[in-house]
Structure formats: C-alpha cells, structure tokens
Amino acid sequence: MVMLREVSVDELRHLVSERALAGETMLLNMGPQHPSTHGVLRLLLELDGEIVVNCIPDIGFLHTGVEKNMEAKTYQKAEVMTDRLDYLNPIGNNLVYCLAVEKLVGLDVPPRAQAIRVILAELTRIASHLLWLGTSSLDLAAMSTFLYTMREREMILDIFEMCSGQRMMTTYVRPGGLWRDVPVEFEDAVRRVLEIMPRRIDEYERLLTTNELFLDRTRGIGVITAEECIQWGISGPVARAAGLKYDLRKVRPYSGYEQYEFDIPTQPDGDVYSRYRVRVEEMRQSLRIIRQALDKLPYGPVRSNNRKFVPPPRSELGVSMEAVIHHFKLWTEGFVAPKESVYAAIESPRGELGVFLEGDGGPKPYRVHYVTPSFANLQIMPLLTRNHFIADVVGIIGSIDIVLGDCDR
Amino acid sequence: MDAGLFWEWVIKSLIIVLMLTAGFAYATLYERRVIARIQVRIGPNRAGPFGLLQPVADGIKLIFKEELTPAGADKVLFFLAPIITVLPSLVITAVVPWGDTVVIGGRVIRLYLTDINVGILYILAVASISVYGIVLAGWASNNKYALLGGLRSTAQMISYELALGLSFVGPILLAGSLSLMDIINAQKHLWFVVLQPAAFLLYFLASLAEVNRAPFDMPEAEQELTAGYHAEYSGMKFALFFMAEYIKMIAVAMIGASLFLGGFMGPFVDRFPWLGPVYLFLKVAVWLFVMIWLRATLPRIRYDRLMQLGWKVMFPLGLLNAVVTAFVVVLVGG
C-alpha cells in the first residue's frame, strides 16, 4: 500500500489563519488526487461550513524539469520537449519556441509555412477550448457536453495526426518552417471542421448559455476586475472576460496574424460566465481566421532554404555532397546560435505564452524559460475563491483553465 | 389467519424484494444505455446480448472486491450505514399496489402486499429512515469529504421531505383517503396529474432531491466532494448504497405513478387485471427515463440554491396548493 502524504498543517503553517489552527474552521485538502483539479493541483482549503475562507494553491506535483533538460539538448532536439509542457497546446508550444529560435539566429519563414502555422495554431486553440468547455461543464455536472466536445476535438486531433503522425505531441513546427508540407487531404479535412464546427458551437450554446442552472452556477462567481488582472499579470481569456482587450495576435502580431480579420471578444463582468462566453466566441473567431488562411494559402516551400539551420530535403542527400555535410553537421552538432537573449510570445489558448531563450555561442541553449499563462493565472485562485462555496471552487478552477504541465515546467 | 394467506404474504414479499433487486440491477443498465445514447456513445454491450448480463458481471465484480475500512472509521457504524440505507428502500413499496385482484387456481389474490389505511404516512415514515444511513456513513468514514456529503444530505433530505409531504396532500384530499388503493381507484377516469399539476411538479422535484438524483445529487457531488458520503466505501458495501439509490428511484417512480398517473390503471385493466403490473411497469420506465434524461442534461444546482428552492419556493407552494385544494374540495362538495 502506498502511503500518501497527509495534509500537514505544519508544512503550510505560515499560510494558514489562526482560526484554522485553533480548529474553528476546517482544513480540507483538495487534490492533488482530486478529479476536479485538472491534473495534479493541490488546494488547501480553509472552510467555514461550506464557505471557503482561504484557498492555498500548492503546485509542483507535475514538475518535469523540461526547461532544465532543454539546456542539455541542441536547439532542434530541445523542441521535442516543448510539446509536453502545455499538452493541450502542442502546436503553440512548438511555435513559440521556434519563433524564439528564429529570432535568435535570424531565420526567415516562407509564407506557406506561416499560413499553415496559423491554421494549426488556431485549430489547437479550438481543440483546447473544446476540452476546456467539456471539462469545465463536467465540473458543474453537465456531463453530456463533455462527450459532445470530445467528438469534435477528435476531428481536430485527426488533422494533427494527418500532418505530423502524432495526435498530441506533434513537434510539427520546426525552426525555419515546418517538418514537412501538409498532406493533400489536409484542406478537405480542415474545410469539414469549418463546416461542422459552427453548428456544433451553437449546439453547446443551446445547452448552456441560457440554461438557468448553468447561469446560477456561473454568474457572479469568481469575479476579477480588469485592474486586478493587470496587477496580477493575468492574460488570455480570463483577462478578456474582465474587459481587458488584450490579445497578442493583435498587439504584437506574429506568423502573419496581421493579415487576417478577426475580433477579440471581451465581456465586462469578469466572472465564470464571462469566461465561458469569451472562450466560446474565440472558437468562432478562430474558425474565421482558419477560413481566411485556408482560402489564400500560398503555394511554395514550407522550410527556409538556409541550410546552416534547416536540414536539406531528403531528395538532395543522394545527389549533393554539400547536403550530406549539412545534414551531418545539423544532426550531430546542431547549429550554433549567437550569445544573445531573445523573448518571443504568442497568444496561447490560455493567455500569453512566452519563451525567453539565451544562447551562449554554442549549439545548445544556455537558458530556456517559459513564461506560462497557467502559472500566472493560477495565482488568482485565492482571490477568486474567497467567500464562495466549495462547489464553486471546482467551477472556478475550471474557468481559469489551467494546465498543470504548463504550470510546473 | 389461514396458512394460505400467510404463504401468500411471504411469496408476495419475496416477489417484491426480488423484483426490486432485479430492478436495481437493470435500472443501472437502463441508465447507462440511455445516457450513452444521449451522449453519442454505445454503452455497455459486451456482456450478453445487448449487454443484458452487464449487471451480473458488475455484481460479481463488486462481491469479490476487497472491502476496505478506513483506519479511523467507526467500525460498527461504518458497517451498519449501508444496511440502514438499503432496508427502507426495500420495504417502502410494500404499500404500493401493482394491480387489482386476479384469480389463480380458484383463489382470489390481491396484487398488493398490503393496503393499510395510512399507506401514505407509512411511505413518509420509511423514507425518512434512509437519511440516517447516509449521515452515519458520512460520519463513520472519518473523511472530511464524506462528512460534508453526509451533512449536506441531512439538510437536503429534511428540507425536501416537507415539500414531499405537502405534495401528497393534494391527492389525499381529492381521494379522501390515505390508502394508496383508494387513491388509485379515485383516478379511474381522470389522473390526478391533471387536477394537481402543481403537486405533481412538487412531488417530482422533491423526489429527485429525496433520492439524491441530478440535478440535486449534492450529497455525492462527484466533482467537488469526490462521491461524498460513500467515498470510503468499497466492494459490496458500496454496491448497497447504489442499490438503495436505484431502488429508491424505482420506489419514488412507483409511488409517483400511483399518486398522479393512475398507478396500475389503464385501458382494459378492468377486464384483464394482469395488465395492471404492465401499466405500472411502463409508467415507472418512463419516469425513470425522465430522471436519467435530466441527469444527462442538467448541471448540478448549488447547495445554497437548493435550500432556497426548498424552503422559499417549494414549501410555500406546497402549502398554498394544499389550502387551495382543500377549499375547492369543500366547495365542490366533498
């Protein structure tokens, strides 16, 4: 039998109130093995009856050491680890890392690769929001929505599998472009998603948006204001639901987002319901971006021609000695990056996902640091849950959409 | 009392218990299949044709599971709690008739165990007992989640029993009797659901809360309380809680059908009394379907809102309904 670590008040004594230590309030350990903490988050709740007096998040149960490990790998090989950070946003993790590497060594990306990156990143956003919608409504016990969103998410994962051979851990975006061009069936598959999804989103909305019980569980719950969002460094749908019109795709466009027309949905209230509305609308906007990108998807190469950083295509290996040399150099030693530091950021489904990358003149990064939205957004848990019922705690965890892999690197 | 009557009672009691136990097994299968259909899944279909042996497989699994008792648990209460929960649900349907009389081998047999003249009071009294099981389970487990679940269910069941009791008043006044047989016979021409829509609604909601079904499944609340009062139970003890829940579902459906939907009444039941149980079965199946449907569709209502609904809406509505019904019954010439 495995001995589990017990709730030890000593360990968090400095954070617990006098009342709890005196036994007036109840300390309840929620997680890390709790079905509604979305992974392995531990919350130490101080309860007065069913009302939360204080909530102390405790993270680190999913610490993988990815950032440290990346320092031991060449720039190309380190990318494989990025998929495992925010496992609901693999393409986004790849993309932001590649953007940082490209910025560090000064690589250009062909327009076709840019457009495909945008399409896949937006598909990932939809897939992530679908999973969020399913799990967070499951937290409120609306269980059928979960199965419906899984059905649609499957279509998107099939597209990833079609492109990269993997459903989740894609490593498809590479420094200087993509691993390879998308297959011929790609366009039809994406068009099918574009055709089916709007109807399905309406379907979810019919189940939830005006459902009296759902409104009861979400309106006025876990409220945060725009000022507080700025103070706590909150980004993404949580901030936009508080009325903060901040989206990196508009503010600091990358991968050619400036070419596409889309709106940034915001809501004024900053409660769980607003976050729900914002995410649902974001799915619609993502579909809009995908449609535009797919309509004017240019032809051409999907990888930069700079052979110092990007491996040559397989066809050249048999005919060109130079290609063999480049291939050998890139896959043994890797490419050398200058002794500089760069920061690149994208709008992940959860907020601002940034990478700080520092080169030391060698083929391996000196330091990789991810600035992740889950970590920043998790900070507000005590603020959001105070004076709410224990039943609302799970709704609030769901609404800030944390991915623990993203939080503990 | 002749020996034949005695054996008749024994056999009828056995039939009720066996039917309810089998009903529990197949209610789980029914629920899983229906929910699967609603959720674009297939549901259990491997064990036997259409998955019909699935409950058997589940039962065998649960019987052979290890029974764990938490170290800090109150052993006696921990053991007693599932039994206290399951017994009332087995005996509650004793007063619900499933037909009129049939003649077997020249002997007139009444298709109900007993028709006591305070049948409704019996139902209310027995229904109240099962809350002890849940509270004790929550308390004896020595687990904070279970304790919260137990406390919630105490509050919930006590508040909703009032509304449940008041919803009974309408049919009682209309039939002028506390016996279920009289109430059913009074619905020969018109079901009470037509005359008492408010009471029907009250009964339906209160009975959902009484048997801890979604959207009032607060005591178990998988998401926040990780199964609530039965969090620490395993094996057959765990199965007993589920047995109690599903048998209670069947029981409230039977009682509700008897009070508002004419019970075993239906076309041609006068001439073919064997149709009585069939009609009752169909009504119960539809009732259960609605319960399952609600579970698949609705989010859980929050605990404080549940209390508000119980005390501020359903309780006054029940009182009002009782008063209005009483007036009308007197005026029309009761």
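A note on names: the letters A, B, ... follow the listed sequences, proteins ahead of strands, and every chain is numbered from 1.
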Kindly compute the distance separating [atom1] ([X]) from [atom2] ([Y]), expressed to the nearest 0.5 Å.
X	Y	atom1	atom2	value
B:I301	A:L140	CD1	CG	12.5 Å
B:R300	A:D216	CZ	CG	13.5 Å
A:E212	B:R305	CD	CZ	8.5 Å
A:M143	B:I38	CE	CD1	8.5 Å

Over 12 foreign heavy atoms within 6.0 Å of [atom1], [X]:
X	atom1	answer
B:W311	CH2	yes
A:R386	CZ	yes
B:K75	NZ	yes
B:L52	CG	yes
B:Y132	OH	no
B:F289	CZ	yes
B:W139	CH2	no

Query raised in the report: Would you find a donor on one side and an acceptor on the other, under 3.5 Å apart, between the side chain of A:S144 and the backbone of B:A296?
Result: yes
Requested in this report: Heavy-atom distances under 4.5 Å only: say whether A:L47 touches chain B with side chain, backbone, both or neither.
Outcome: side chain
Requested in this report: With a 4.5 angstrom heavy-atom cut-off, could you sort out which part of A:I51 is near chain B: side chain, backbone, both or neither?
Outcome: neither
Report summary line: On a heavy-atom basis, the closest approach of A:L147 and B:R41 is CD1-CD, 3.5 Å
Query raised in the report: Can you name the closest pair of heavy atoms from A:N211 and B:P299 and give their distance?
Result: ND2-CD, 3.6 Å
Requested in this report: Tell me, for B:L151 versus chain A, whether the close heavy atoms (under 4.5 Å) come from the side chain, the backbone, both or neither.
Outcome: neither
Query raised in the report: What option among A:F146, A:F214, A:F389 has the most heavy-atom pairs under 4.5 Å with chain B?
Result: A:F389
